[in-house]
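Working notes, beginning with the structure itself.
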Number of protein chains: 2
Amino acid sequence: MDDLDWKLLALLQCNGRMTYTELARQVGLSVPAVTERVRRLEDAGVIEGYAAHINASAAGYVVTALIAITVQQPAKAKFLRLLETIPEVLECHHVTGADSYIMRLVAASMADLERLIGRINLYGETRTSIVMSTPLPARPLQPPPTAAKRR
Amino acid sequence: MDDLDWKLLALLQCNGRMTYTELARQVGLSVPAVTERVRRLEDAGVIEGYAAHINASAAGYVVTALIAITVQQPAKAKFLRLLETIPEVLECHHVTGADSYIMRLVAASMADLERLIGRINLYGETRTSIVMSTPLPARPLQPPPTAAKRR
DNA sequence: GCTGAAACGTCGGAGCT
DNA sequence: AGCTCCGACGTTTCAGC
């Protein structure tokens, strides 16, 4: 992971569909060299994949919410199986602190949001934060301070 | 936004680098038809962009944390300007509820995390949840129930 | 929405610095 | 480890329908 790898990561985080030819031009390497580096980053698991980023409201979802929940240990497995069945739950993290899980979900209406929360908080107390705006939208990961000169 | 558009969105959310040829094969349309549909989805803002997904721990970040903070109204603008200067803060949402903002950040070490929180909670009380695992990683957005037959 | 053809990008391998 | 050259193949783009 040298500077060039981080340059490639920066470019691919901003435009995941950039061609190898264009990447090569931007970092000043040949196409085979770039292809090889990207392949290594993928194989090493640094690049987990590529995804189109969808605007939820443009896609018909009115609300995005972040929900924290406290679930008793014995119910956790069943709770996670429930989440699998709710497509509106877009991701879920197991966290330290007072909450057990924090998840991000979308809903097509307030009524739907209420219904979804109704199903979810059978498993514990929830705290719902509705996203009003996103002043800092997803930003590319940059090289960590200590790894700047690693090879 | 018909079924085919959602099929394309599903495919591109799973593999953002899928070629138009492959997309066309999977949805049973010609390549120009698919190209045109994707272009429209991009122009309409449904597809906001394409991004490589990076594994933070493989990239040298030890911790991912979700931090909620309560900031007094007059300090909000200055707080957001601070966040801009901290590359470890990957996204930040303005939310309803007891908290003002919820952000996701990474740190290269526990010491770095402590330092980052130190800078952040000059603006208000924070609640930090460290992500231990992600039982439900980012899932593709599916068509909302009501929009199923929209055109 | 579909062809078809030209331009461009990608992926091998061989040989070299 | 990187570069170039090469050829074959796949992909994109643009015209015209």
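Here is how names work: the chains are called A, B, and so on, in the same order as the sequence lines, proteins then strands, and each is numbered from 1. Note: hydrogens, waters and symmetry copies are ignored here, and every other heavy atom, side chains too, is used.
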The side chain of Y20(A) lies closest to which of these nucleotides: dT12(D), dC11(C), dC3(D)?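 Shortest atom-to-atom distance from the side chain points to dC11(C).
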
Can you check the [X] [atom1] to [N] [atom2] distance for me, whole Å?
{"X": "L8(B)", "N": "dG1(C)", "atom1": "CG", "atom2": "P", "value": "10 Å"}
{"X": "E36(A)", "N": "dT10(C)", "atom1": "CD", "atom2": "P", "value": "15 Å"}
{"X": "L4(A)", "N": "dC3(D)", "atom1": "CG", "atom2": "P", "value": "9 Å"}
{"X": "R17(A)", "N": "dG9(C)", "atom1": "CZ", "atom2": "P", "value": "14 Å"}
{"X": "L29(A)", "N": "dT4(D)", "atom1": "CG", "atom2": "P", "value": "9 Å"}
{"X": "L23(B)", "N": "dG10(D)", "atom1": "CG", "atom2": "C1'", "value": "14 Å"}
{"X": "D5(B)", "N": "dG1(C)", "atom1": "CG", "atom2": "C1'", "value": "14 Å"}
{"X": "M18(B)", "N": "dT11(D)", "atom1": "CE", "atom2": "C1'", "value": "15 Å"}

For [X] and [N], is the shortest distance between a side-chain N/O and OP1 or OP2 below 4.0 Å?
{"X": "T19(B)", "N": "dT11(D)", "value": "yes"}
{"X": "T21(A)", "N": "dT10(C)", "value": "yes"}
{"X": "R37(B)", "N": "dG1(C)", "value": "yes"}
{"X": "R40(A)", "N": "dA1(D)", "value": "yes"}

Side chains of L11(A) and V27(A): does their closest heavy-atom pair fall under 4.5 Å?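 Yes, side chains in contact.
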
With a 4.5 Å cut-off on side-chain heavy atoms, are Y101(B) and L136(A) touching?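 Side chain of L136(A) against side chain of Y101(B), heavy atoms only: no contact under 4.5 Å found.
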
Check whether NZ of the Lys or CZ of the Arg R17(B) lies under 6.0 Å from the centre of the six-membered ring of Y20(A) and within 45 degrees of that ring's axis.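 Yes, a cation-pi geometry.
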
L105(B) and its side-chain contact (heavy atoms from CB on, under 4.5 Å) partner, picked from I120(B), L66(B), T64(B):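 The side-chain contact (heavy atoms from CB on, under 4.5 Å) with L105(B) is passed solely by I120(B) among I120(B), L66(B), T64(B).
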
Mapping T35(B) and P32(A) to their closest nucleotides on DNA chain D, which lands nearer the 5' end?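 With T35(B) and P32(A) compared, the 5'-side residue is P32(A).
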
Is a donor on one side and an acceptor on the other found under 3.5 Å between the side chain of T19(B) and the backbone of E22(B)?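 Here the side-chain-to-backbone pair exists.
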
